[in-house]
Amino acid sequence: MNNTIFDDVFRTMIEKMPYLAVPLINEVFHTSYSENVKITQLRNEHQQEDGDIITDSCLLIGKKMYHIECQSTDDVTMAIRMIEYDFAIGIEHAEKQGRGYRIEFPKSCVLFLRSSGNTPDYLKADVVFPDGNTYLYSIPTIKMTDYTKDSIFEKNLLMLLPFYIMRYEKKGHDFNSNPELFQVFLNEYEEIRVNLEEELTETGKSELYTDLTKLIIKIADYIFRENDNVRKGIGDIMGGKVLELESERLKAEGKAIGRAEGEAIGQARGEVIGQARGEAIGQIQGEARLGSLITRLIQDQRTEEIPIVSTDSKRREQLYKEYSL
């Protein structure tokens with residue numbers, strides 16, 4: 001399966017920020033889940049005889065399964081694909097009832113990033129069962145073109161923001177030839193940035209603000225990959241291009257700094273700093289015996305004596321003899 005940048009961004013939000021899907025689920029299925037409702041991410045890879053079926057998302061809220069696919073083109077075969085996906089999900093979570101089974105399809109929908117006047121509000125297929133009964137398979141669609149920036153913020157559909165730029169993907173030439181139109185476009189993205197900042201940073205969600213900003217830029221860079229001026233304009237407004245999620249980068253840097261500081265403290269002046277439960281011990285320069293002694297103290301659960309032996313030479317000598325070091 002060849003993933004597009006749109007698949008990657010959508011799955012990044014589902015996997016790393018699944019709570020963003022809650023307002024979208026509420027919008028499509030007319031539910032009223034709170035933003036802090038417990039979400040369980042179900043496996044989205046299902047084994048089939050002719051290969052794997054990989055869905056974009058499968059979430060469990062309460063006892064209900066929700067399946068959302070992100071589609072960048074108006075694929076006329078989407079109804080058949082969705083039945084295949086939903087059947088695979090239903091089979092995986094089938095409930096045994098005596099010698100029979102109960103197979104429940106998830107509540108599903110398709111997010112169309114691009115659509116036309118022919119894109120239906122519902123994907124439908126008649127399914128004829130072996131007993132001759134015919135059942136209608138029908139799932140709703142979501143079309144990006146139906147949502148303005150104002151409605152996105154009003155309904156808290158922040159998950160749609162990275163894809164909002166796609167409504168302008170055919171405007172690159174117009175922007176180059178019409179500076180006033182280009183400025184209107186930039187002003188709109190300045191409004192988006194300000195609204196997003198107010199929405200998230202004031203509520204203590206600065207990491208999410210940073211992450212969404214980077215994903216917005218990532219999609220914009222792809223859509224206008226042949227238009228440097230537009231890419232630069234969006235990048236300047238939204239804060240620069242960083243393909244890695246900023247929050248993950250900061251966490252990784254924090255861990256690296258913590259390790260470096262721990263090693264420096266451990267080496268400086270032969271001091272040892274013991275951490276809770278003996279998780280980390282700094283190295284002691286020029287004192288091999290002291291290192292061995294500290295190891296033995298940890299093994300014997302005598303960690304409270306580590307600070308003493310680091311500064312009290314008499315006690316240190318007593319313990320050297322005790323442990324025959």
Does the side chain of [Y] come within less than 4.5 Å of [X]'s, by heavy atoms?
X	Y	answer
E69	I139	no
N229	F175	no
F10	M159	yes
E198	Y209	no
V230	K171	no
I216	I165	no
N178	F182	no
H67	M82	yes

Task: Among T73, D74, T145, the one residue meeting side chain to side chain donor-acceptor pair (under 3.5 Å) with S115 - done: T145
Ion pair check, [X] and [Y], cut-off under 4.0 Å:
X	Y	answer
D228	R231	yes
R167	E188	no
E317	K314	no
D312	R316	no

Inspect the surroundings of [atom1] in [X] and state if more than 12 heavy atoms from other residues, nucleotides or ligands are less than 6.0 Å away.
X	atom1	result
Q97	CD	yes
F153	CZ	yes
E322	CD	yes
Y122	OH	no
F87	CZ	no

For [X] against [Y], the heavy-atom pair lying closest together:
X	Y	answer
I14	Q41	O-NE2, 3.2 Å
V28	P140	CG1-CG, 3.6 Å
M17	L208	SD-CD1, 3.5 Å
I25	T31	O-OG1, 3.6 Å
P18	I39	O-CD1, 3.6 Å
C70	L113	SG-CD1, 3.7 Å

Open item on the list: Run the salt bridge (Lys or Arg N to Asp or Glu O under 4.0 Å) test against R99 and tell me which residues pass, sequence neighbours left out.
Closed with: none
Task: Pairwise distance CZ(R315) to CD(Q318) - rounded to 0.5 angstrom - done: 5.0 Å
TODO: Enter the distance from L200:CG to L158:CG here, rounded to the nearest 0.5 Å.
DONE: 6.0 Å
Please determine, by modelled atom types, if [X] and [Y] share a side-chain donor-acceptor pair under 3.5 angstrom.
X	Y	result
N118	S116	no
D75	T77	yes
Y66	Y33	yes
N187	E191	no

Open item on the list: Classify the ring geometry of F163 against F6: parallel below 30°, tilted from 30° to 60°, perpendicular beyond 60°.
Closed with: tilted
TODO: Measure the acute angle between the ring planes of F185 and Y189, then classify it against the limits of 30° and 60° as parallel, tilted or perpendicular.
DONE: tilted
TODO: Please collect all salt bridge (Lys or Arg N to Asp or Glu O under 4.0 Å) contacts where either partner lies in residues 105-126, sequence neighbours excluded, each pair once.
DONE: R114-E169, D121-K143
